[in-house]
Amino acid sequence: SVYSLSIAARLTLDMHSLNNEGSEGNQLQTRMVDIVAADGRLYSVNAISGDMLKHIQAEHFHHVAQGRQDLPLCSACRVFDANRISADPEYQSQIEGRRDSEAIDLMLQRCALDDVEGILLTAGRSTPRKSTAEFGWVVGVPINETGQEQTTTGSYFHVKYASERAQAGTATVKSESERAANLGQIPFHRPASSGIYAFINHYEVSRIGYNDISHRYAVDEAQRLVRYKA
């Protein structure tokens with residue numbers, strides 16, 4: 001009876017380091033975006049991409065499905081292969097020479113994870129299966145109703161200890177650069193963010209088990225309910 005489900009919330013996240021962009025020298029950089037707050041001013045705030053949250057949600061679904069007979073998984077998804085059903089040789093042999101709608105039907109019946117999370121079938125074709133779970137950017141809310149800052153990112157000093165791996169008396173001969181790489185302490189800075197974050201998530205429940213090409217369901221209602229609850 002549920003057609004779709006959306007969740008809009010504010011999250012409190014403390015000392016997280018999700019979705020960093022990369023590094024410059026010994027400085028690890030977090031992802032920042034520019035937004036306009038309720039006061040009409042422009043702010044630069046920490047943000048987490050929806051892809052990061054989508055991956056976390058898919059991993060939780062995988063944990064739920066493991067060991068259950070009522071939630072089928074293809075051989076690739078059983079080991080959480082990033083290629084999913086495209087890395088399942090048995091499935092690839094079954095869809096060879098078949099139409100796209102038939103390939104989607106077999107995918108929906110064979111794997112609950114690919115059904116819910118979506119997949120692009122690429123072996124000899126380019127057939128997309130749109131995900132039923134969608135996440136927007138998780139964006140830090142810069143100020144509260146009284147104008148006080150409530151999301152911030154700090155940079156914290158760390159030292160990575162690197163011990164000398166070569167032992168006295170061994171026959172190993174190392175160059176000066178190799179010895180230098182294994183000696184001393186390596187300082188670097190890494191970010192951590194804390195604050196209130198805006199979160200939105202949408203599930204197209206009605207599309208679970210639904211073939212968007214043939215416009216019909218490939219799995220029965222009981223199986224669709226099991227996947228929805230998972």
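If you read the sequence from its start, that first residue is 1, and numbering goes on from there.
One side chain, Y203 or N201, offers a donor N or O that lies under 3.5 Å from an acceptor on the other. A donor atom on one side chain and an acceptor atom on the other are found under 3.5 Å apart for N19 and R31. Side chains of Q223 and Q109: no donor on one and acceptor on the other come within 3.5 Å. With no hydrogens or angles considered, no side-chain donor-acceptor pair links S49 and D51 at under 3.5 Å. Side-chain contact of T30 with E21: a donor-acceptor pair under 3.5 Å is absent, judged by distance alone. Counting only N and O atoms by type, the side chains of S193 and T153 include a donor and acceptor under 3.5 Å apart.
Taking the six-membered ring for Trp, F80 and H55 have ring centres closer than 6.0 Å.
Note that CH2 of W137 and CD1 of I35 are 12.0 Å apart. Values are rounded to the nearest 0.5 Å.
Counting heavy atoms from C-beta on, the side chains of Y210 and L108 never come closer than 4.5 Å. Considering only heavy atoms from C-beta on, L106 comes within 4.5 Å of R98 through its side chain. Proximity of S131 to V116: side-chain heavy atoms (C-beta onward) are nowhere separated by under 4.5 Å. You'll find the side chain of Q92 reaches within 4.5 Å of the side chain of S86, heavy atoms only. The shortest distance between side-chain heavy atoms of L28 and P191 falls below 4.5 Å. Looking only at side-chain heavy atoms (C-beta outward), M107 and I119 come within less than 4.5 Å of each other. Between D100 and L121 there is no side-chain heavy-atom pair separated by less than 4.5 Å.
Listed for the R190 side chain is no donor-acceptor partner under 3.5 Å among the backbone atoms of Y156.
Of all non-hydrogen atoms in V219 and R224, the two that sit nearest each other are CG2-CG, 3.5 Å.
Partners of Y3 by side chain to side chain contact (heavy atoms under 4.5 Å, CB included), not counting sequence neighbours, listed by chain and number: S206.
Applying the 6.0 Å contact sphere to NE2 of H60 captures no more than 12 heavy atoms from other residues, nucleotides or ligands. Within 6.0 Å of the CD atom in E96, the count of heavy atoms belonging to other residues, nucleotides or ligands does not exceed 12. Around the CZ atom of R41, the shell of radius 6.0 Å holds no more than 12 heavy atoms that belong to other residues, nucleotides or ligands.
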### Message
Pair Q27, S155 - check side chain to side chain donor-acceptor pair (under 3.5 Å), show working.
### Response
CA-CA 9 Å; Q27 179 77 46; S155 182; 3.0 Å; yes
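Between R129 and D115 a salt bridge is recorded (basic side-chain N to carboxylate O distance below 4.0 Å). Under the 4.0 Å criterion applied to side-chain N and carboxylate O atoms, E134 and K54 are not assigned as salt-bridge partners.
Hydrophobic cluster membership is shared by L5 and I56, with clusters built from Ile, Leu, Val, Met, Phe, Trp and Tyr side chains linked at under 4.5 angstrom.
Relative orientation of the H16 and Y197 rings is perpendicular, given thresholds of 30° and 60° on the angle between their planes.
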Can you give the donor-acceptor pairs under 3.5 Å from side chains of residues 7-15 to other protein atoms, not counting sequence neighbours?
none

